[in-house]
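Take a look at the structure set out below.
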Amino acid sequence: MERKGRYGKYGGQYVSETLMGALIELQTAYERIKKDRNFARELTSLQGEYAGRETPLTFCPNASRELGCRIYLKREDLVHGGSHKLNNTLGQALLAKRMGKKRLIAETGAGQHGVATAIVGAALGLPVEVYMGEVDTKRQALNVYRMELMGARVIPVKSGTRTLKDAINEALRDWVANVRDTHYLIGSVVGPHPFPLMVRDFQSVIGREARRQVMKKEDRLPDTIVACVGGGSNAMGIFYPFVKDDVELIGVEAGGEGIDTGKHSATLCAGEAGVLHGTLSYLLQDANGQVLPTHSISAGLDYPGVGPEHSMLKDSGRVTYTAVNDPDVLGAFRFLSRNEGIIPALESAHAVAWVMKNADRFDRDDIVVINLSGRGDKDVAEVAALEGRI
Amino acid sequence: MGRIETVFANLDRPAFIGFTVAGDPDRETSIRAALALIEGGTDILELGIPFSDPVADGPTIQKADERAIAAGTTVDTVFEIVRTLRKKTGVPVVFLAYYNMIYHRGIDRFYREARDAGVDGILIADMPVEESDDVFETALHYGIDPIFLITQTTSDDRIRKIAARAHGYLYLVAVLGVTGVRDTVSAGAIDLLQRVRKQTKVPLALGFGISTPDHAKICSDAGADGVIVGSAIVDIVGRNVGDPAAMERELKSYVARMKKDL
Ligand SMILES: Cc1ncc(COP(=O)(O)O)c(C=O)c1O
C-alpha cells in the first residue's frame, strides 16, 4: 500500500484508525492551499503586519570579536509572541479556518507554542484549548497566565511524566474524540504526516529570509548554520532552504546534565529508531521499548522524540547533530545578554553554547548564522532562581 | 481453521471478548485474572501489552499499563504469561499492542515468538492499514491473524481496504474517542456495524465503552458477532489490587452476567 510522508525509512502515519480520516482531510486541504495564491497572500500579510516579519539578521560585533568569527543571529526572538512558534501557528490556523474547523487544540512544553496558538486563536477568532503537563504549568506559570489572558483554556495534564510528551498524548486523545470539528495544531515537525512536512514548510520562511539577507550583507552563503533541536521545527525551518548548498548545518540537542547521566533530551545523539506520536523517528527509549523520561534546563527541548526528517538528515550525514549540557547553556545565556544586549531563550542558548565551545574551529572570516529561535524573558525568573537571586 | 475462526464458526450467539492488561497489577495476578475471565465464559482473551504512552486509551487502561510497567512487565514477561495460559486453556489469545513494542523487538522476531508462545491474533492500536504491509505479511507467515480497527470516521473506501486484509475478526470502535466506560451504545456504533456488514463476511466485534449487560444486548440485537469489554474488566482488576481472590470472584460473575443475554 502507498505510504505517505516518508523521509527515508522515517516518518509515516502511525495513528489510531479514528484519526486517519482527519489526516487524509488535512493532507488534501494542505495540498490545495499550497497552490492557492490567496492563501499565500493572506499568510504573507499576517506575517508582515501582525507577526513582524521579516526578522533581522543581526551582525554581532562583540560576540564576533570574542569568538573569532563573523556571527549573525537570525532574530526569531523578535517575532510577535517571542519565538519562531508563531510562523507555524499562523499557517496552520489559517488552514484550519479554511477547512471549517471550529476549535483549535495544542500541546505545549515551555508554553511558547501554547502562547503562539493562543495568539492566533484570539486574532483569528477560534477557541483554543492547550494541554500542558502539570509539571510545566508550574515551571512556566507566567505563560499559563499569558495564554489565559488571550482567551485560551489551559488544561493541566496529570498523566505519565506530566510533561510535554504526555501533553501530546492528551491532545491526541482529545483529537480522537472531537476530530470532526477540531484541528490539532501540533507545535513542531513531529507527529504523523502531514504535520512534519507542513510545519517545516511554514517554518522555512526563516531560512528563506536568512538566505536573502546573508547574500545581501556578505554576498555569499554562510559557512555554518546552527540551531537548537527539540522537536526540530526552528532547525528544519532554517536548514531546509540550505540543504542542497555547501553549508555546514549543526543541530544542537539538550545534553541536560550530560548524556552519560541519562538526564538529557538528546534524542538524535543517544536514541534509536522507534514509534511515538504517529511517527517513526529516533526516540529515547529503554531496553524494553518504553519511552524514557527526559531532562533539560529548557522546557522547550524536553521531548524524547524528534522530527522524522532530522532522523533522515542524521543518517545521511547531511546535518551534524550534537548536544551541549545545562551549565554551558547558562554560560551562553549570560554571554549573549552581556555582550550583545540580547537575552536568548534557554532553548536558543544551546545553539549559542555550541558556537562558544567550538569557536576555535572557525577563522575570522567564517560566517556563522545562529538561529535565535526565541527571547529569554520567559526564562529570567528560572535562571535568577537557579542563581539564588529570587 | 485457526482458533479464532473456530470460535466464531461454532457459536450461535455473539462471542464475549474480554481484555486485560498483561502484567497488571503483576505477572501472577494477571494470569489469575485471565484464567478467571476464561472460567467465567470468555470466548476470546485480549491481552494488552503495557506501553508508556497508550494514546488510544483512557485513564482506566492508562493506569493499568502504569501498574504493569511498575511491576517490571516487559515483552518477555508477556510471552511468559501467554505460555503459562497455553498450558491451561485453548481459548484464543489476541495481543493489543502499540507499534513501538513490536518495532523495537524486531517485527519478525516478535511475531515468531508470539506464534511460539501460542498467540492467535495481533492488533496494533496505532497501525492503520496503509502502514501495515510489513506486519501483515509477517503475521500471515507465522499464522497469526492480523486484526484491524474500523471506526465511525473510516470511509467506505478505506473499509474496503481494511476488510481485504481482515483475518479473525474486525474490531469496530463503538465510540468517537479513547477506551473507557460509557453510558450507552451510540446509534453511530450500530450504523457502523451495518455499514461494515455490507462489505465483508469477516466476524464483526464491537468494542470501546461497552460495560453492562444492556450494552451487550444492544450489540447482540444489532447483529454483532462479538462484544469486546476492556475498561470495565480492567476496573475490576484495579479495584481489587491486594485481594486476588475477590478479583477472581468478581471477574467470573461479571463475565457470566454479561453473557446471559448474548
Ligand atoms: C524558543 C524556542 N526554541 C526552540 C524550541 C524547540 O522547538 P523546535 O525544536 O521545534 O524548534 C522551543 C519550544 O518550545 C522554543 O520555545
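Every chain is numbered from 1 and lettered A, B, ... according to where its sequence line falls, protein lines coming before strand lines.
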How many angstroms lie between atom [atom1] of [X] and atom [atom2] of [Y], to the nearest 0.5 angstrom?
X	Y	atom1	atom2	value
B/Asp76	A/Asn288	CG	CG	7.5 Å
B/Glu130	A/Leu23	CD	CG	10.0 Å
B/Asp53	A/Gln285	CG	CD	11.0 Å
B/Ser52	A/Asn169	OG	CG	8.0 Å

Does A/Arg180 form a side-chain contact (heavy atoms from CB on, under 4.5 Å) with B/Gln152? I'd like the steps, not just the answer. CA-CA 11 Å; A/Arg180 291 188 172 122; B/Gln152 295 177 37; 4.0 Å; yes
Sort [X] into side chain, backbone, both or neither according to what part of it lies under 4.5 angstrom from a heavy atom of chain A.
X	value
B/Glu131	both
B/Asp57	backbone
B/Glu66	side chain
B/Met101	side chain
B/Ile162	side chain
B/Val129	both
B/Arg158	side chain
B/Ile69	side chain

Are there more than 12 heavy atoms of other residues, nucleotides or ligands under 6.0 Å from atom CG of B/Asp183? no
Neighbour count above 12 (heavy atom, 6.0 Å) for A/Lys97 NZ: yes
For the residue pair [X] and [Y], what are the closest heavy atoms and their distance?
X	Y	value
B/Pro128	A/Val15	CD-O, 3.5 Å
B/Pro54	A/Arg173	O-NH2, 2.8 Å
B/His104	A/Glu272	NE2-OE2, 3.4 Å
A/Val291	B/Phe51	CG2-CZ, 4.0 Å
B/Leu176	A/Thr18	CD1-CG2, 3.9 Å

Name the option with the most non-hydrogen atom pairs under 4.5 Å to chain B; the candidates are A/Asp166, A/Thr161, A/Leu280. A/Leu280
Answer key: most heavy-atom pairs under 4.5 Å with chain B among A/Ser16, A/Gly21, A/Ala22 is A/Ser16
Report which part of A/Ile168 has an atom under 4.5 Å of a heavy atom belonging to chain B: side chain, backbone, both, or neither. neither
Okay, A/Asp174 and chain B: the region with an atom under 4.5 Å from a heavy atom over there is neither
Residue of the set B/Thr151, B/Thr154, B/Thr153 for which side chain to side chain donor-acceptor pair (under 3.5 Å) holds with A/Glu17: B/Thr154
